[in-house]
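Below: the structure, in structure tokens.
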Amino acid sequence: VFVIMPFSETWSHNVYAQLIEPAVRGAGLECSRGDIPVRVGDLSTNIWNEILKAGIIIADVSSANVNVFYELGLVHAVGKDALLLKRKDAALPADFGGAHYYEYSVDKLSEGRAQLQEALLQWSAEYRTFSVKALYGK
């Protein structure tokens, strides 16, 4: 799972550490994000490689962040599955009006974590990721 989100917002660290990462790991999947991989080349190449490598993307669209929207556009362009997250108090741009997304409250991250973990488990079962992991001995 590759995570796309703004990392400099006041809420970002808690949302990642208490909601996203535990939900991903609880679903038996690996989690990576754009500001953590070892950077060998330029940032765009690293993000592109992470998107291509991931089975599914989680994108938090709670703030109007150009990088998040650009990276989510790349995800859609290559046809990767994406789960969209949004804070309950965040207004989405009109372009996201018909999108399906998972809402969370920053003061109830455990509820959002349970919902996201269940969505990831369903995705994982549908695409039989555990069978693929077994082939690679992971």
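None of these values were measured; they are calculated from a predicted model.
- Under the 4.5 Å side-chain criterion, counting only non-hydrogen atoms from C-beta, Tyr104 is not in contact with Leu116.
- For the pair Arg33 and Tyr16, the cation sits on the ring face: its NZ or CZ lies under 6.0 Å from the ring centre, inside 45° of the axis.
- For the atom pair NZ (Lys88) and OG (Ser105), the distance works out to 4.0 Å, reported to the nearest 0.5 Å.
- Residue pairs satisfying the salt bridge (charged side-chain N to carboxylate O under 4.0 Å, His left out) criterion with at least one member in residues 115-125, sequence neighbours excluded, are absent.
- Qualifying ring pair (Phe, Tyr, Trp, His ring centres under 6.0 Å) partners for Phe69, counting only residues two or more places apart in sequence or in other chains: Phe96.
- Distance check: Leu72 CG to Asn67 CG gives 12.5 Å after rounding to the nearest 0.5 Å.
- Among residues two or more places apart in sequence or in another chain, the side-chain contact (heavy atoms from CB on, under 4.5 Å) test is passed with Ser63 by Pro6, Glu9, Trp11, Asn65.
- The stretch residues 51-67 participates, sequence neighbours left out, in these salt bridge (charged side-chain N to carboxylate O under 4.0 Å, His left out) pairs: Glu50-Lys53.
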Under 3.5 Å, sequence neighbours excluded: what are the donor-acceptor pairs made by side chains of residues 77-87?
from, atom 1, to, atom 2, distance (Å)
Lys80, NZ, Leu52, O, 2.9
Lys80, NZ, Ala54, O, 2.4
Asp81, OD2, Trp123, NE1, 2.8
Lys86, NZ, Ala90, O, 2.6
Lys86, NZ, Glu103, OE2, 3.3
Arg87, NE, Asp89, OD1, 2.9
Arg87, NH2, Asp89, OD1, 3.4

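- Residues Ile58 and Ile4 form no side-chain contact, since every pair of their non-hydrogen atoms from C-beta on lies 4.5 Å or further apart.
- Shown here are the side chain to side chain donor-acceptor pair (under 3.5 Å) partners of Gln117, two or more places apart in sequence or in another chain: there are none.
- Residue pairs satisfying the salt bridge (charged side-chain N to carboxylate O under 4.0 Å, His left out) criterion with at least one member in residues 64-77, sequence neighbours excluded, are absent.
- A 6.0 Å sphere centred on NE2 of His76 holds more than 12 heavy atoms belonging to other residues, nucleotides or ligands.
- With Phe2 as reference, Ile47 is the one residue of Val24, Ile47, Ile56 to meet the side-chain contact (heavy atoms from CB on, under 4.5 Å) rule.
- Of all heavy-atom pairs between Leu121 and Ala27, the closest is CD2-CA, 3.6 Å.
- Listed by chain and residue number, nothing satisfies the side chain to side chain donor-acceptor pair (under 3.5 Å) test with Gln115 (two or more places apart in sequence, or in another chain).
- Glu111 pairs by the side chain to side chain donor-acceptor pair (under 3.5 Å) definition with nothing, not counting sequence neighbours.
- The shortest distance between side-chain heavy atoms of Ser32 and Val3 does not fall below 4.5 Å.
- Closest approach of Met5 to Val68, counting heavy atoms only: C-CG2, 3.5 Å.
- Between atom OG of residue Ser124 and atom CG of residue Leu29 there is a gap of 5.0 Å, rounded to the nearest 0.5 Å.
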